[in-house]
Each structure stands twice: as structure tokens, then as C-alpha cells.
J.: 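One structure, as C-alpha cells, below. Some questions next.
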Amino acid sequence: MSRLKALDENLNVNDKRIILRVDLNVPMQEGKVTDKSRINKIIPVIKKLISKKAKIILISHLGRPKGKVIKKLSLEPIAPILENLLNSKVYFSNKSFGSKIIEKSKKIKSGEVLLLENIRFNKEEETNEEAFAKELSKAGDIYVNEAFSCSHRAHSSVCGITKHIDSYAGKQLSEEVNVINMLTNKAEKPVGCIIGGSKISTKIGILTNLVKKMQTIVIVGAMANNFIKYKGHNIGKSLFEKNQENLIKDIIKKCETNNCKLIIPEDVIVAKNYESQTKLKSLNEIDDTDLILDIGENTVKKIYTIIDESKTILWNGPAGYFELEKFFMGSNKIAKKIAQKTKNKSLTSIAGGGDTVAAINKSGCSDDFTYISTAGGAFLELLEGKILPGIKVLEINE
Ligand code: 3PG
Ligand code: MG
């Protein structure tokens with residue numbers, strides 16, 4: 001048996017430098033955070049450490065800069081937001097490792113916070129390079145992972161670092177892992193899964209495994225475009241991923257073998273661009289200049305039926321480009337329907353993913369879901385029964 005090495009709540013952290021790996025990978029538009037869920041969620045954890053007079057060093061990534069410094073992916077705009085929510089001094093450093101950072105980590109006062117620049121500006125983060133991980137560890141006395149949503153990444157600030165410093169699973173991370181495990185291992189059938197969003201190839205891979213556990217899979221969002229195209233329809237200028245035909249064929253086959261219903265949109269909302277007027281179209285009406293940006297009314301009705309038939313619903317990935325009101329209809333209706341049925345105690349609903357959480361928040365029904373995880377990929381991989389590298393390094397065998 002193994003369990004997570006959890007941070008003892010009574011541990012004296014007074015004046016200790018705590019490296020806290022958090023997930024501040026929040027949606028941003030023109031330098032402004034458009035959804036603060038992930039920030040709000042971590043505030044109580046940081047506040048607790050502040051009240052215990054620790055020095056808090058925050059590490060996070062934002063987006064996928066792939067080892068390059070990309071100004072619009074800087075974490076700098078997050079510092080004042082944190083400062084405001086924490087009511088405590090938050091320093092920002094435009095570096096994330098090195099002698100200056102070590103110096104600064106020692107210099108800040110107990111109860112103060114140091115936010116380091118986007119860790120993915122360094123290519124060694126994603127390659128989990130030993131020397132880099134060791135450097136990172138020098139900014140703290142104790143390492144705590146509170147970024148469940150990043151724990152499927154074998155990166156330096158999630159995995160490598162734990163070899164060089166006393167490391168723990170944070171309270172939220174432990175809770176999240178336990179709740180998802182509990183809800184999914186005991187999931188009452190029929191289980192329906194709604195998968196959407198635009199990170200296509202990663203999710204299609206996961207789908208292959210989900211077909212064995214679900215009774216129905218509904219594909220929405222940009223990834224549905226791949227399926228629509230595969231079925232021989234024109235998808236115009238819509239987002240899709242090339243060379244995925246074999247994978248799609250495989251998923252369709254696996255669904256048949258495992259008796260899992262596969263639902264794809266039967267109508268869509270299109271526009272010529274994000275600014276132009278929208279139009280509801282059936283699949284064979286889509287022309288070369290169309291962009292598919294949401295599901296249509298008939299598809300929503302079909303999804304209602306699936307939700308009605310299910311006892312458990314898992315949802316990851318919005319149905320459309322929900323950030324714009326005119327393409328929010330699909331996600332909004334799905335959120336409201338799931339919330340209403342959960343409220344009536346006839347459904348267990350689990351949702352995950354940054355964008356999904358943002359869409360549910362926008363629909364105003366986040367309080368009515370059984371459980372909402374701010375993790376996307378990590379959430380799906382845990383559901384799939386995979387061992388997450390960031391969790392594994394924090395496990396102790398008994
Ligand atoms: C997420 O948003 O899912 C996490 O922050 C991980 O980000 P990633 O998918 O870019 O690794
Ligand atoms: Mg992800």
C-alpha cells in the first residue's frame with residue numbers, strides 16, 4: 001500500500017522557506033485574467049502558510065512557451081492579484097532560479113510571498129533536468145506540491161525537485177486525488193462522459209481508455225471537428241488536427257466493441273469569423289468559409305437525453321468558443337442541465353479542466369456540481385487509472 005506523503009498541519013514552518021508549486025495557468029486575454037478560479041482556490045493554502053509565518057516561494061507555469069521568454073505569458077500580472085487577495089506583500093521576480101532568487105528567498109520576511117517568473121521560460125523545466133531541478137530546490141527548505149493539475153507532467157518543478165528537498169503533497173492536492181478516486185471507482189452506471197475543448201490529440205488518446213468504462217461518450221468542442229470531417233462533412237475553416245484519421249477510426253471501433261455509445265454533434269453554430277453573425281447549420285450545410293464555434297440546438301437536445309439517462313456524468317472541455325457570449329449557448333445549456341439534475345439528487349456530476357470550470361462559472365451553477373476539479377489533463381489521466389508522475393514521487397510505501 002502506498003499513500004501520499006502529506007504535509008503535517010502541525011509542522012513548524014515559522015521562518016521556513018516553502019516552495020509551493022501552484023497552478024496559476026489561468027486564462028488571459030490582453031494581459032487580463034479572465035477566470036480567477038485557480039487563483040482563488042489556492043488563496044486559503046497560501047493564507048494558512050502566511051499565518052504560520054512561513055516565507056512562501058511560488059512556482060507556476062503559464063501556457064506553453066516551450067523554453068522561450070514570451071512576454072504575454074509572464075506571470076507578472078498575477079502578482080498584484082495575489083497581493084490583493086492575500087493582503088500580504090507579494091514580490092515578483094522575472095527570474096525563476098539562480099543565486100539572486102536564493103538570496104531573495106532568504107531576504108523576504110516571514111509571511112511574505114515571492115512569485116517566480118513562468119517556470120516554462122526555461123527549457124529544462126519540461127525536460128526535468130537534474131541540475132536545474134537541484135537549482136530550483138535551493139530557493140526553499142521545504143517543497144509542497146499543491147498543483148494537482150500539473151501532476152501529470154514529469155517536469156522539474158513537479159518531479160525532479162522532490163529529489164533535492166524535503167517534499168510533501170499539499171492538503172488540496174491530497175484531497176483532490178482522494179475525491180476523484182472515490183467518485184470514479186464507485187461511479188454509478190450508466191456513466192456518460194462529455195469531452196470537448198481544443199487540446200485534441202492529448203484527449204483523443206485518453207478517450208481510447210475511457211471507452212472501456214463509459215456507457216456513452218459525447219464529443220463536443222473543436223475536437224468534434226475531427227470526427228465531423230472523418231464522417232465526410234466539410235468543416236470549412238474550423239480548427240482540426242491533421243493525421244488523426246487512424247486514431248478516430250480506432251476510437252469508433254473501440255466504442256462498438258465496448259458497447260459505448262459515441263455521440264458527435266449533428267448541428268453546429270458557425271460564423272465567418274469571431275466578429276461576424278452566427279448561423280445554425282446542419283452538418284451538410286457547412287461551407288468552405290465557415291468556422292464551427294459551438295454545437296447546435298439539436299445536439300443540445302441529444303445531450304440532454306444522455307444526461308437524463310445517466311447516473312454519473314463526467315465533463316471535460318467546453319462545447320464551443322464559450323469566451324464569446326454568442327458561442328456560449330452549448331456549454332451554458334450543458335452546465336445548467338447537469339446542475340439541475342445534480343440538485344435533484346439524481347446525478348453525480350464531476351467536471352474538470354480550466355476552461356470547463358470557467359464555462360461552468362460563467363453559467364453560474366458551479367455550486368450545484370458534485371465535484372469540480374480545476375485540473376484538466378491530470379483529472380482525465382487519474383480517471384483513466386494512470387499513475388501521475390508528480391503524485392508518484394510524493395508517495396510513500398507502507
Ligand atoms: C492545465 O492547464 O491543464 C495545467 O496547467 C497543465 O498545463 P499543460 O497542459 O500545458 O501542461
Ligand atoms: Mg492541460
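Note that ligands are numbered from 1 as they come in the structure, with each ligand's atoms numbered from 1 the same way. Worth saying up front: this structure is predicted, and the values here are computed from it rather than measured.
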J.: Numbering the atoms of ligand 1 from 1, which are under 4.0 Å from a heavy atom of D23?
T.: 4 (C), 5 (O)
J.: With heavy-atom distances below 4.0 Å as the criterion, list the atoms of ligand 1 near R153.
T.: 8 (P), 9 (O), 11 (O)
J.: Considering only distance and modelled atom types, tabulate donor-acceptor pairs under 3.5 Å from the side chains of residues 257-265, sequence neighbours left out.
T.:
{"unit_1": "T257", "atom_1": "OG1", "unit_2": "K253", "atom_2": "O", "d": "2.7"}
{"unit_1": "N258", "atom_1": "ND2", "unit_2": "K254", "atom_2": "O", "d": "2.8"}
{"unit_1": "K261", "atom_1": "NZ", "unit_2": "E309", "atom_2": "OE1", "d": "3.2"}

J.: Is a donor from one side chain sitting under 3.5 angstrom from an acceptor on the other, for S37 and N361?
T.: yes
J.: I'd like to know if K237 pairs up with D288 as an ion pair, taking the criterion as any Lys NZ or Arg NE/NH1/NH2 lying under 4.0 Å from an Asp or Glu carboxylate oxygen.
T.: no
J.: Any nitrogen or oxygen of H152 lying under 3.5 Å from a nitrogen or oxygen in ligand 1? Just yes or no.
T.: no
J.: Is S149 close enough to touch ligand 1? Criterion: a residue heavy atom under 4.0 Å from a ligand atom.
T.: yes
J.: Name the option, out of E126, R64, H155, that contains the heavy atom nearest to atom 10 (O) of ligand 1.
T.: R64
J.: Could you verify whether a donor N or O on one side chain and an acceptor N or O on the other, from R21 and H155, lie under 3.5 Å apart?
T.: no
J.: Within the 3.5 Å criterion, strictly below it, is a donor on N298 or K302 matched to an acceptor on the partner's side chain?
T.: no
J.: Which atoms of ligand 1 sit under 4.0 Å from any heavy atom of R120?
T.: 7 (O), 8 (P), 10 (O), 11 (O)
